[in-house]
Amino acid sequence: MQWRNTATRFGALAQFFHWTSAAAFIGAYAVVYYVIWCMDDTSDASLPVLNIHWVLGLLVGFLVLPRLLWRWLDAQPDDPPGAPLEHALARAAHWGLYGLLIVMPLTGYIGTGAPTDFGLFTVPGFNDTALFRWIGRTWGVGWEAFEAPIDAVHHFIGQYVAWAVVLLHVAAALYHHRVRRDGVLERMLPGAR
């Protein structure tokens, strides 16, 4: 498999970014819903499990910038046959997904006061950063007053917007695969011809 995209399919690096981001995003959801449904999410016992959610969320955030850079540097496969409006909607949906890959990790991190332990290193909670101390001094806001609206935005987007955008993306991929049979899904699948 080649690293770069062609006119007919995505290369290995684009596929790596896509599937790693997707797996981390879905994994973060699975972990947080496990905590909500099966644990007391306010107890200290949930913190090690929530740490997995935080690690996966930060992984999504860390991947999005090189992913966008690679998208900008590498050629994109040709659009499948379709109307110009259809292509415009597809592009808007993809930029909506990129927006989620930025907004969800960003609001998740700046709304979390606990450190994220990656094993070899730890990312401090946002409340322990120089940036938050500057925000607090500049606007005279404490952690609790700052965290609540950020957390509300993160939860709203995660509970409503992200589900809709991701399900639309999956439905479109399946539509192209099952109904149109135009190879759109296969060009992102590793090993597909």
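Only a predicted model underlies this, so the values are computations on that prediction, with no experimental measurement involved.
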A.B. asks: For the pair His177 (side chain) and Ala173 (backbone), establish whether a donor and an acceptor sit closer than 3.5 Å, ignoring hydrogens and angles.
C.D. replies: no
A.B. asks: Write down the atom of Pro81, the atom of His87, and the distance for their closest heavy-atom approach.
C.D. replies: C-NE2, 4.2 Å
A.B. asks: Is the shortest heavy-atom distance from the side chain of Thr116 to the side chain of Thr122 under 4.5 Å?
C.D. replies: no
A.B. asks: Tell me whether the rings of Trp163 and Tyr33 are parallel (<30°), tilted (30 to 60°) or perpendicular (>60°).
C.D. replies: tilted
A.B. asks: Does CG belonging to Asp44 count more than 12 external heavy atoms closer than 6.0 Å?
C.D. replies: no
A.B. asks: Decide whether Leu174 and Val184 are clustered together by the hydrophobic rule: side chain heavy atoms of Ile, Leu, Val, Met, Phe, Trp, Tyr closer than 4.5 Å, transitively.
C.D. replies: no
A.B. asks: Below 4.5 Å, heavy atoms only, C-beta onward: do Ile110 and Glu147 meet side chain to side chain?
C.D. replies: no
A.B. asks: Parallel, tilted or perpendicular: which describes the rings of Phe126 and Phe146, with under 30° parallel and over 60° perpendicular?
C.D. replies: parallel
A.B. asks: Taking NZ, NE, NH1 and NH2 as the nitrogens, is one of them in Glu186 or Arg181 under 4.0 Å from a carboxylate oxygen of the other?
C.D. replies: no
A.B. asks: Tell me whether Leu69 shares a hydrophobic cluster with Leu100, the cluster being built from Ile, Leu, Val, Met, Phe, Trp, Tyr side chains joined at under 4.5 Å.
C.D. replies: no
A.B. asks: Please determine if Asp128 and Arg133 form a salt bridge, counting it only when a charged side-chain N lies under 4.0 Å from a carboxylate O.
C.D. replies: no
A.B. asks: Would you kindly confirm whether Leu59 and Val31 end up in one hydrophobic cluster when ILVMFWY residues are joined by side chain heavy atoms under 4.5 Å apart?
C.D. replies: no
A.B. asks: Give the minimum heavy-atom separation between Ser21 and Val60, together with the two atoms involved.
C.D. replies: O-CG2, 3.9 Å
A.B. asks: Answer whether the closest heavy-atom distance between the side chains of Pro80 and Arg180 falls below 4.5 Å.
C.D. replies: no
A.B. asks: In Å and rounded to the nearest 0.5 Å, what is the CZ to CG distance from Arg71 to Leu13?
C.D. replies: 13.5 Å
A.B. asks: So His53 and Val35, do their side chains get closer than 4.5 Å, heavy atoms only?
C.D. replies: no
A.B. asks: Applying side chain to side chain contact (heavy atoms under 4.5 Å, CB included) to Phe10 and Gln76, what does each step give before you reach the verdict?
C.D. replies: CA-CA 7 Å; Phe10 289 97; Gln76 295 301 300; 3.5 Å; yes
A.B. asks: Do you know the tightest heavy-atom contact between Val166 and Leu97?
C.D. replies: CG2-CD2, 4.2 Å
A.B. asks: Just wondering, do Arg187 and Thr8 contact through their side chains at under 4.5 Å, heavy atoms?
C.D. replies: no
A.B. asks: Let me see the working for His176 and Leu185 under side chain to side chain contact (heavy atoms under 4.5 Å, CB included), right down to the final yes or no.
C.D. replies: CA-CA 7 Å; His176 279 281; Leu185 177 62; 5.7 Å; no
A.B. asks: Keeping Thr20 on the side-chain end and Phe17 on the backbone end, is there a donor-acceptor pair under 3.5 Å?
C.D. replies: no
A.B. asks: Can you tell me how far apart CH2 (Trp95) and CG (Leu101) are? Round to the nearest 0.5 Å.
C.D. replies: 11.0 Å
A.B. asks: Take Gln15 and Arg9 through the test side chain to side chain contact (heavy atoms under 4.5 Å, CB included) and record every step on the way to the result.
C.D. replies: CA-CA 10 Å; Gln15 289 180 15; Arg9 66 181 286 104; 3.1 Å; yes
A.B. asks: Considering non-hydrogen atoms only, spot the tightest contact between Thr112 and Trp143 and give its length.
C.D. replies: C-CZ2, 3.6 Å
A.B. asks: Taking all heavy atoms of Thr107 and all of Ile150, pick out the closest pair and write down the distance.
C.D. replies: O-CG2, 3.4 Å
A.B. asks: When the ring planes of Trp134 and Trp139 are compared, do they come out parallel, tilted or perpendicular, using 30° and 60° as the limits?
C.D. replies: perpendicular
A.B. asks: Closer than 3.5 angstrom, by distance alone: can the side chain of His154 be matched with the main-chain N or O of Gly111 as a donor-acceptor pair?
C.D. replies: no
A.B. asks: Give a yes or no answer on whether the side chain of Trp19 reaches the backbone of Met188 with a donor-acceptor pair at less than 3.5 Å.
C.D. replies: yes
A.B. asks: Take Phe132 and Arg137 through the test side chain to side chain contact (heavy atoms under 4.5 Å, CB included) and record every step on the way to the result.
C.D. replies: CA-CA 8 Å; Phe132 176 71; Arg137 279 192 317 271; over 6 Å; no
A.B. asks: What are the two closest non-hydrogen atoms of Pro115 and Asn51, and how far apart are they?
C.D. replies: O-OD1, 3.8 Å
A.B. asks: Do the side chains of Leu68 and Tyr109 join up, straight or via other hydrophobic residues, at under 4.5 Å, putting them in one cluster?
C.D. replies: no
A.B. asks: How are the rings of Tyr29 and Phe25 set relative to one another: parallel (under 30°), tilted (30 to 60°) or perpendicular (over 60°)?
C.D. replies: tilted
A.B. asks: Shared ILVMFWY cluster between Leu167 and Val161, side chains joined below 4.5 angstrom?
C.D. replies: yes
A.B. asks: Would you say the side chains of Asp74 and Asn5 form a donor-acceptor pair under 3.5 Å?
C.D. replies: yes
